[in-house]
Amino acid sequence: MSVEIKLPDGSKLSYDGPVCPMNVAEDISPRLAAAAVAAEVDGQLTELTAELTDGEHQVRIITDRDDEALEVLRHTAAHVLAQAVLRIHGPNVQYTIGPALTDDFQYGFYYDFDLPVKISTEDLPAVEDEMRKIIDERIPIRRLEMSVDEAKEEFRRRGQEYKNEMIDDLVRDERVETVSLYEQGDFLDMCRGPHLPHTGKVGAVKLLAVAGAYWRGDQSRRMLTRIYGTAFFDEKALKQHLERIEEARKRDNRVLGRQLDLFFIDEEVGPGLPMWLPKGNVIREELQNWLKGELVKRGYQLVSTPHIGKLELYRTSGHYPYYQDSQYPPIPMGDEEGYLLKPMNCPHHMRIFKATQHSYRDLPVRMAEFGTVYRMEQSGELNGLIRVRGFTQDDAHILCTPEQLESELASCVELTQLVLDVLGLDDYRVRVGLRDPDSDKYVGDAENWTLAESNLRQIVRKLGMNYVEEAGEAAFYGPKIDFVVTDCLGREWQLGTIQVDYNVPERFELEYTGRDNAPHRPVMIHRAPFGSLERFIGILIEHYGGAFPLWLSPVQVAVLPVSEKVADYAERVASRLREAGIRTELDDSADKVGAKIRRATMQKVPYLAVVGPREAEAESVAVRTRGAGDQGARPLEEFVQSLIEEIDSKAQNVVTGTMG
RNA sequence: GCCGGCGUAGCUCAAUGGUAGAGCACCGCUCUUGUAAAGCGGAGGUUGUGGGUUCGAGUCCCUCCGCCGGCUCCA
């Protein structure tokens, strides 16, 4: 037997007998062997103890400094969790799946169990203790390759029926004949691996949450108990991670919404029905006014439509009864058929289009509305401003000819990107949502779908966008481009969306007269750069941590007189600022200036104008910024002009401080 | 909707089954203030709702409502 090893630095090692990557690491240096967690052999991640076959191999030793290492560590941590739960709750525990999560903001891994008992977060410390014992025991982890029948027999013996269902699926879907198992002491799991050489390599673990999760993600199947945790190579990294989560929670839109008096959701009004307080409403109005300006520049026409419509309208569009269980129930009207609170604006817009004749010369028609819609989202889904039951879409429907479609789509993408750019939301991904080939939830014929999907694909390619295609993410009437962002805890949400739709125009029998004097059917784009104003602002609150750029700040300047002796001058400063259109608050309380500064700072007011006798004398203000503290005195007029400039520029650079 | 947890003053949180409390905020008074909290006083509660156990329930049990973390859903 002869094994040739090529290392990343080009050097070679050869062996006569059996050899595994761990032996290679040991031969390179004891330090490397100690730090090794896995290996990459011929481009494939594998464990250190995997015996290398005859011949030549590219071998790279993965240490805790490599990106792949964390995934291996957490995967093993999940197995340690399962072993601990088995030790505590006995052989009646069924363990199912337990993947590593390396992209999640909070969680590093989870494991789903079918447990004989109920457990809660209070039970986690005991499980954690057991995990630490398993780690201290440095239990060797061994990979076994077994035939499907052997493996099934083994799991049957252990009473692990879920594992056998998984094996059956592998046999059916991938036609496997053998499966890989990992044995760690008395714990055995089916797993692709790779894993750490022994449990002692799992450095620091922390269990974070208990949750329910349907087996196979299927609502009709059994609800399992999921335990979330995270793991790192050392305690320091774990501690830093936990602190990051703590910090993130402070940015939560629900927390800041209350602290900064932006909005509130009142049980007596109804769950998921946010109300905008004066300060939050400033942000809403600013965003809307800005976008309206951009829409007019791009040839949109604004319309307004009612909040309800007859049931039949939504039958025509297809929204009713398709989404019946996530709509507020229809308003009954005695003998007459009822009305529905509008869950979408498009049916009304379709009727507007149909109300007048259209020539090809009129197209594209770009009809925009800040339309408030109501959807009876499931109670368990509601989440601050981010998932609500009443929200306002910056909606528009563009009706155009097939020839115009591409440039219209490009313009929608440009507008959406502008919105994200100006607000500094650069951490988003683009998802092209397509049909799920196995689902029958879609309306219209396959031909139109294929066409619409290729329209979208073409535009994202042409614009050179980074995107991922996801089957099953389309709307029921057409495919879409979604702009997806994450909230403070790393949960993904769709904001902007651009959808191509050949179906709804057909259902409403929309027509325009072509150059050939014959009727033609327009193509429709549904698009919303913000998506929902509620969700968008929720994300913005978290993005800025409540410290909005000047143009969006509910209060732009707080005027803080040092004593009542300068009350008159402070009043004059405040009036001058307000006259210039600057949102100004005058703090004429009896507090000392330190307290006034503290209060305004905690409200994240971008500019504080401290005024005392010196400033009154010189017609100036002592400026203190949110980011950089005391900036010294400036002439009042100069200050006003600089604020106006900054507001007009929609600059973000003032929001740099970490104070408050 | 499902699984688990939680619900005490406007907010953040205390209170072995035994007289519901603190800080902040609010109101009043004193201080006249110079860059992140002046002092004193006052008011504020059917402990989410409805029921049950108990001599006695914020605390234990059940119902409903709401919130939180997930899952499922998301036009």
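The sequence lines fix the lettering, A, B, ..., with proteins before strands; numbering per chain opens at 1. Just so we're clear, the structure is a prediction, and the values are computed from it rather than from any experiment. Any value given below was found using the heavy atoms of this structure, including those in side chains, with hydrogens, waters and symmetry copies removed.
- If you check every strand for non-hydrogen atoms under 4.0 Å, A/Ala600 touches nothing.
- Taking the ring centre of A/Tyr110 as origin, the terminal cationic atom of A/Arg226 falls inside the region bounded by 6.0 Å and 45° from the ring axis.
- An aromatic stacking contact links A/Tyr323 with the base of B/A75, defined here by ring centres under 5.5 Å apart and ring planes under 30° from parallel.
- Phosphate contact (OP1/OP2 of B/U33, side-chain N/O of A/Lys596, threshold under 4.0 Å): absent.
- For the atom pair SG of A/Cys346 and CD of A/Gln393, the computed distance is 8.0 Å after rounding to the nearest 0.5 Å.
- Along RNA chain B, the nucleotide nearest A/Leu489 and the nucleotide nearest A/Ser589 are compared for position; the residue whose nucleotide lies closer to the 5' end is A/Ser589.
- Distances from the side chain of A/Met344 to the nucleotides B/A75, B/A37, B/G34 place B/A75 closest.
- Each of B/U33, B/A75, B/A36 was ranked by its minimum atom distance to the side chain of A/Ile597; first place goes to B/A36.
- Taking the six-membered ring where the residue is Trp, A/His526 and A/His397 present perpendicular rings, their angle passing 60° and hence far from 30°.
- Using P as the reference atom, B/C24 and B/G4 are 40 Å apart when rounded to the nearest Å.
- A distance-only check finds no donor-acceptor pair linking the side chain of A/Lys206 to the backbone of A/Leu238 [under 3.5 Å].
- Atom name P, nucleotides B/U49 and B/C40: the rounded distance is 35 Å, in whole Å.
- Residue A/Gln106 places no side-chain atom within donor-acceptor reach of the base of B/G70, judged by atom type and a 3.5 Å distance cut-off alone.
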Between the protein and nucleotides 13-15 of chain B, are there any N/O to N/O pairs under 3.5 Å, and if so, what are the atom names and distances?
none

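- Using a 30° and 60° split on the angle between ring planes, A/Tyr111 and A/Tyr95 fall in the perpendicular class, above 60°.
- In this pair, A/Phe483 and A/Tyr428 present their aromatic rings tilted. The plane angle is within the 30 to 60° band.
- When both distances must be under 3.5 Å, the Watson-Crick or G-U wobble mate of B/G4 is B/C68.
- When rounded to the nearest whole Å, the span between CG of A/Leu382 and P of B/G66 equals 9 Å.
- The OH-C1' distance, from A/Tyr111 to B/C71, rounds to 18 Å in whole Å.
- The same atom, C1', is picked in B/U19 and in B/G58; the two are 14 Å apart, to the nearest Å.
- If you take CD1 of A/Ile227 and P of B/C71, they are 15 Å apart, rounded to a whole angstrom.
- In this structure, of B/A38, B/A36, B/G70, it is B/G70 that holds the atom nearest to the side chain of A/Tyr107.
- For the atom pair A/Met367 CE and A/Met524 CE, the distance stands at 9.5 Å (nearest 0.5 Å).
- No donor-acceptor contact under 3.5 Å links the side chain of A/Ser317 to the base of B/A75.
- Map A/Arg249 and A/Asp630 each onto its nearest nucleotide of RNA chain B; the residue landing nearer the 5' end is A/Asp630.
- Phosphate contact (OP1/OP2 of B/G10, side-chain N/O of A/Arg258, threshold under 4.0 Å): absent.
- Residue contacts for A/Tyr314: at a heavy-atom cut-off of 4.0 Å it reaches no nucleic acid atom on any strand shown.
- Using a 4.0 Å heavy-atom criterion, one finds that A/Tyr110 contacts no nucleic acid atom at all.
- Residue-level contact check: A/Leu560 touches neither bases nor backbone, having no heavy atom under 4.0 Å from any strand.
- Rounded to a whole Å, the CZ atom of A/Phe264 is 11 Å from the P atom of B/C11.
- Contact check, A/Asn383 against B/G70: no side-chain N or O comes under 4.0 Å of OP1 or OP2.
- In this model, the phosphate group of B/C71 is approached by a side-chain N or O of A/Tyr228 to a distance below 4.0 Å at OP1 or OP2.
- To the nearest whole angstrom, the two C1' atoms, one in B/G48 and one in B/G7, are 6 Å apart.
- Atom pair A/Asp104:CG and B/G70:C1' shows a separation of 11 Å (rounding to whole Å applied).
- Between the side chain of A/Trp449 and the backbone N or O of A/Tyr502 there is no donor-acceptor pair closer than 3.5 Å.
- If you take atom C1' in B/C55 and the same atom in B/U8, they sit 25 Å apart, rounded to whole Å.
- Of all heavy-atom pairs spanning A/Lys604 and A/Gly545, the tightest one is CE-O, 3.2 Å.
- Rounded to whole Å, the P atom of B/A57 lies 35 Å from the corresponding atom of B/G69.
- Residue A/Arg254 has a polar side-chain atom (N or O) positioned under 4.0 Å from OP1 or OP2 of B/G69.
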query: Between A/Glu617 and A/Arg614, is a salt bridge (Lys or Arg N to Asp or Glu O under 4.0 Å) present by the stated rule, with each step listed?
result: CA-CA 5 Å; A/Glu617 181 68 28; A/Arg614 290 200 296 270; over 6 Å; no

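- Residue A/Gln327 is in base contact, counting any heavy-atom pair closer than 4.0 Å across all strands shown.
- The interatomic distance linking A/Ile97 (CD1) with B/C71 (P) rounds to 11 Å, in whole Å.
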- prompt: So A/Lys342 and A/Glu369, salt bridge (Lys or Arg N to Asp or Glu O under 4.0 Å) or not? Walk me through it.
  reply: CA-CA 13 Å; A/Lys342 75 173 169 188; A/Glu369 174 175 19; 3.7 Å; yes

statement: Under a 4.0 Å heavy-atom criterion, the protein footprint on nucleotides 1-6 of chain B, written with B, S and -, is BBBSS-

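- The shortest heavy-atom contact between A/Tyr162 and A/Arg222 is OH-CD, 3.3 Å.
- Here B/C26 sits opposite B/G42 as a Watson-Crick or G-U wobble pair (both hydrogen-bonding atom distances under 3.5 Å).
- A/Pro271 comes within 4.0 angstrom of sugar-phosphate atoms only, judged by non-hydrogen atoms across all strands, and of no base.
- In this model, the phosphate group of B/C74 is approached by a side-chain N or O of A/Lys441 to a distance below 4.0 Å at OP1 or OP2.
- When both pairing distances are held under 3.5 Å, B/U59 makes no Watson-Crick or G-U pair with any nucleotide shown.
- For the pair A/Arg491 and B/G69, the criterion of a side-chain N or O lying under 4.0 Å from OP1 or OP2 is met.
- Nucleotides B/C62 and B/A75 are separated by 38 Å at their P atoms, to the nearest Å.
- Here, B/U47 and B/C11 have their P atoms 16 Å apart, quoted to the whole Å.
- Using the six-membered ring where Trp is involved, A/Phe476 and A/His319 have ring planes that are perpendicular, over 60° apart on the 30 and 60° scheme.
- Residue A/Lys565 places at least one side-chain N or O closer than 4.0 Å to OP1 or OP2 of B/U33.
- Among the protein residues, A/Gly217 comes within range of the sugar-phosphate backbone only, with heavy atoms under 4.0 Å from sugar or phosphate atoms but none that close to a base.
- Put simply, the side chain of A/Arg387 and the base of B/C74 share a donor and an acceptor less than 3.5 Å apart.
- Between the OG atom in A/Ser563 and the NZ atom in A/Lys565 there is a gap of 5.5 Å [rounded to 0.5 Å].
- Between A/Arg599 and B/A36, a side-chain N or O to OP1/OP2 separation shorter than 4.0 Å is absent.
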